Amino acid sequence: MDTRGRRRQVDSPAYRESGVHVSHGNDRNSSVRTGRPNRSGCDARDTMPMLAGTVLGIALWGATINYMLTAQISLSGEDAVPQSHEQLDDWASSSVKKLEEDLRGDSDMRKASEDESKADYFPTVHVALTLTLSHSIGAIGVINSSLQNSATPKALKFHLVSTPLDRLRLQTALSHAFPVESKRGQFNIVSFNERAHVTVRDQKRGKDLSKNIVYARYHFGELLADLERVIYLDVDLIVQHDLLDLWDTDMGTQVLGAVQRCRTRFSSSFGYGDKGARAHLAKFEPKECVFNNGVLLYNLKLWRQASPPLVDELLQWTTLNLNVPLYSLGSQPPFNLVFYRKYFKLDPRWNIMDVGDSTIHPNTQTADEAHILHWNGAEKPWKLAPRTLYSEKFTRYVPRWESMLSESDDFTLVIVTQGQRLEALEQVLRHVSGCEQLYEVLLVWNQVGVPCPAALFTVAAQVGIEMRCLPQNQNDVQARLLVASEIATEAVLHHDDDALIRLEDMKLAFKVWKRHRDQIVGFEPRVHRHDPVTGWSYGFHLSEGYYTLVIGKFFFISRTMMEKYAADTDLVEANRGIFCEDISINFLVAKENGGKGCIVVQSNHWELPTNSSVGLSTRISSAQWSKLRQQCVGRLSHHFTDGFLRQFPRTSHIVIAYDSTWNILVSRPVTVGESICSNAKGVKECRVPQCQDVHDRKPCYIPHG
């Protein structure tokens, strides 16, 4: 650290003549002395009080006057040269204090310089995290706690392994959260191009464990090719001890270090009950303790030297599990199989687990003494704080966690499909990959007994999007509203499997939804009315200049509203096997948000040509479809009450854009009698847009007939 510009220059010739030596920041062994070295070991702050009480203090007083009279210091006003003995005494006393401050400041700066030099002495500690942007809150907790509990924070280098889509946004998020460390180059963001989609059998916890990024730790040998050692940390933990101590652990000839977890054994982690699985697990003792792979110490030099390659062994077990029920939880079981009795057992304090579990959580003393606290269960501190156990330890390092969570800039796209329009579905996947705000695609797979085609995952990998398939045990279109537990983001876009919408319109609608999170934002308006004579009606035409519903072809909604829908078991049962779920969710959302209407964004969307007649709306006329939907409204009036549906909120404007600042919505009034995506007879005639790039060579739209 260069302190030259921060220290008062008092090393003048006249001052040196006084016999007092003023040290500079690079003079580590210097001290205040009077003509000889100070062998007492005292520094400036010890020596000055001692001089003041001795005869040497007189010499210092005289030297101070000499210094102040001869040094090149500009004096004016109250600092002018004194003209009387009384003024001289006051001035000398003041000068001694200033000198004392100079000497103290010089000593403090020397100490700071020495502290800074420690970072050059200690080795760089390499820490790897695997994450997507939705886990950035947890990652900030890991990074902040690691830095704050390190004696040499500059020595930490973080390698964040993420998807290509998240790389730039992650870099921006880190530069805002850690501007100093980012400028120093303490972050290295590594893109992980997924090798293969890996299915996790346990649907309850499959949301995070089936993401391809989870398996990036298999590939550290190649992803971190310049490193010989690295600490891996999950993003649901905090560090409470200096990671240098973990880094310095001598593992001998072992490739991997981990904390053993004897609360869980092989017998409960693997499928010994299945005959086929038992044949593959025969050499593994069921009573063996497992280790948790949320904290790992890699010897990457030995990892690369292993034969056969360790990454191949890990992938072999992972692939085998697709056909044989060996295990259910993510990447941890393959690590335990490959490193069975061949890993270094780390001090248990480096991974105190089950922090969020209300039944088996660590006690307060254990949590306080932990080197690392790990929320390895389903409850994460940023999701349920302050209810999550020990969440105050997490929020200490991420004080803005609530606002960060609400500012999330991603959405999950949900497509319900029977899998009989695969060509159109592939085109949808290619198209939506162009939206940088897309977090993940969830296919709600309603073709019972038929697995999701590998071709779809191939397309997803080609265009660089995360995709998961959720097989259903019955063909029910409302299943798309029952998968909230599988969704990581608060924003959800429901999307048909045979239609496209301009990406600009999609982004605009997402922007609108982020300002109206408790409402539905869609693209095709409909209206329901009640007539005292004829009863309930449902229509395409906005004949009175307002709309009340948006249909399910495309619409944004919150995950919270989906959870409320799933929790209403009577409503779910009433919609079983019929096509009323999108109308139902409109009614439910208006009920939950206190009577706010839905919002329509003007768009240019179109249907894709298919050879399939799957879906009720494609097999019947629009008039028949309208009648069925009218029956939906009548049926739902018993659940939501007639009075509520008659007083239902009406919206009389359509959003067309934001202004140039992207702060003010620009809307137009609904034209009386207009009908979006239909003509006067109710026959669908979606507008055909100019062809745009949807990542293949086929035309965007081929007219029917």
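Note that the structure is a prediction, hence the values are computed from the model and not measured.
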Gap between atom CG of Leu233 and atom CG of Leu129 - 0.5 Å precision: 6.0 Å

Are Arg261 and Asn376 side-chain neighbours, meaning at least one heavy-atom pair lies under 4.5 Å? yes

Side chain to side chain contact (heavy atoms under 4.5 Å, CB included) partner of Ile231, chosen from Val239, Thr249, Val125: Val125

With distance as the sole test, does Asp242 use its side chain to make a donor-acceptor pair with the main-chain N or O of Ala151 at under 3.5 Å? yes

Donor-acceptor check, side chain of Thr130 to backbone of Val214, threshold 3.5 angstrom: yes or no? no

Arg217 side chain vs Asn293 backbone, donor-acceptor pair below 3.5 Å: yes

Taking the side chain as everything from C-beta on, heavy atoms only, tell me whether Phe394 gets closer than 4.5 Å to Ser145. no

Treating Tyr439 as the side-chain partner and Ala491 as the backbone partner, does any N or O pair qualify as donor plus acceptor under 3.5 Å? no

Look at the aromatic rings of Phe335 and Phe339 and report parallel, tilted or perpendicular, splitting at 30° and 60°. parallel

Between Tyr390 and Pro362, is there a donor-acceptor pair closer than 3.5 Å when you use the side chain of the first and the backbone of the second? yes

Looking at every non-hydrogen atom in both residues, tell me the closest pair between Glu440 and Arg468 and how far apart they are. OE2-NE, 2.7 Å

Does one side chain, of Asp476 or Gln474, offer a donor that lies under 3.5 Å from an acceptor on the other? no

Any heavy-atom pair between the side chains of Val432 and Leu493 that's under 4.5 Å? no

Measure the shortest side-chain to side-chain distance between Val161 and His219 over non-hydrogen atoms and say whether it is less than 4.5 angstrom. no

Heavy-atom distance under 4.5 Å between the side chains of Trp247 and Leu156, does that happen here? no

Decide yes or no for Asp245 and Asp347: does some side-chain heavy atom of the first lie under 4.5 Å from some side-chain heavy atom of the second? no

Ring centres of Trp303 and Phe220 under 6.0 Å apart? no

So salt bridge (charged side-chain N to carboxylate O under 4.0 Å, His left out) across residues 560-572, not counting sequence neighbours, yields Lys564-Glu592

Starting at NZ of Lys301, measure out to CZ of Arg229 and round the result to the nearest 0.5 Å. 11.5 Å

I'd like to know if the side chain of Thr152 reaches the main chain of Lys154, judged simply by a donor and an acceptor atom lying under 3.5 Å from each other, with no hydrogens or angles considered. no

Is there a salt bridge (charged side-chain N to carboxylate O under 4.0 Å, His left out) between Glu369 and Arg349 once you walk through the steps? CA-CA 7 Å; Glu369 295 175 354; Arg349 290 177 297 175; over 6 Å; no

Among residues two or more places apart or on two chains, list those pairs meeting side-chain hydrogen bond (donor to acceptor under 3.5 Å, both in side chains) that have a residue in residues 268-282. none

May I ask you to decide if the ring planes of Phe284 and Tyr340 are parallel, tilted or perpendicular, using 30° and 60° as cut-offs? perpendicular

Are the side chain of Glu288 and the backbone N or O of Phe266 linked by a donor-acceptor pair below 3.5 Å? no

Evaluate the ring planes of Tyr343 and Phe291, with Trp represented by its six-membered ring, and classify them as parallel (under 30°), tilted (30 to 60°) or perpendicular (over 60°). tilted

Pro153 backbone acceptor or donor facing Gln186 side chain under 3.5 Å: yes

Glu285 versus Arg265: any side-chain heavy-atom pair under 4.5 Å? no

Taking only residues two or more places apart in sequence, or in another chain, which ones meet His159 in a ring pair (Phe, Tyr, Trp, His ring centres under 6.0 Å)? His126

So His241 and Ile372, side chain to side chain contact (heavy atoms under 4.5 Å, CB included) or not? Walk me through it. CA-CA 7 Å; His241 191 80; Ile372 287 177; over 6 Å; no

Has Thr318 got a side-chain atom pairing as donor or acceptor with Leu314's backbone, closer than 3.5 angstrom? yes

Do Arg517 and Glu490 pass the salt bridge (charged side-chain N to carboxylate O under 4.0 Å, His left out) test, and can you show the C-alpha distance, the side-chain angles, and the key distance before you say yes or no? CA-CA 9 Å; Arg517 292 169 181 259; Glu490 181 63 12; over 6 Å; no

Of Val450, Val444, Leu443, the one forming a side chain to side chain contact (heavy atoms under 4.5 Å, CB included) with Asn446 is Val444

The reported gap from CG in Leu170 to OG in Ser175 (rounded to nearest 0.5 angstrom) is 10.0 Å

If we count only N and O atoms by modelled type, under 3.5 Å, do the side chains of Asn292 and Gln332 hold a donor and an acceptor together? yes

So, does Asp497 use its side chain to make a donor-acceptor pair with the main chain of Ile415 at under 3.5 Å? no

Side chains of Lys393 and Val355: closer than 4.5 Å at any heavy-atom pair? no

Would Glu581 and Tyr565 count as a side chain to side chain donor-acceptor pair (under 3.5 Å) here? Give the steps. CA-CA 10 Å; Glu581 87 293 341; Tyr565 181 96; over 6 Å; no

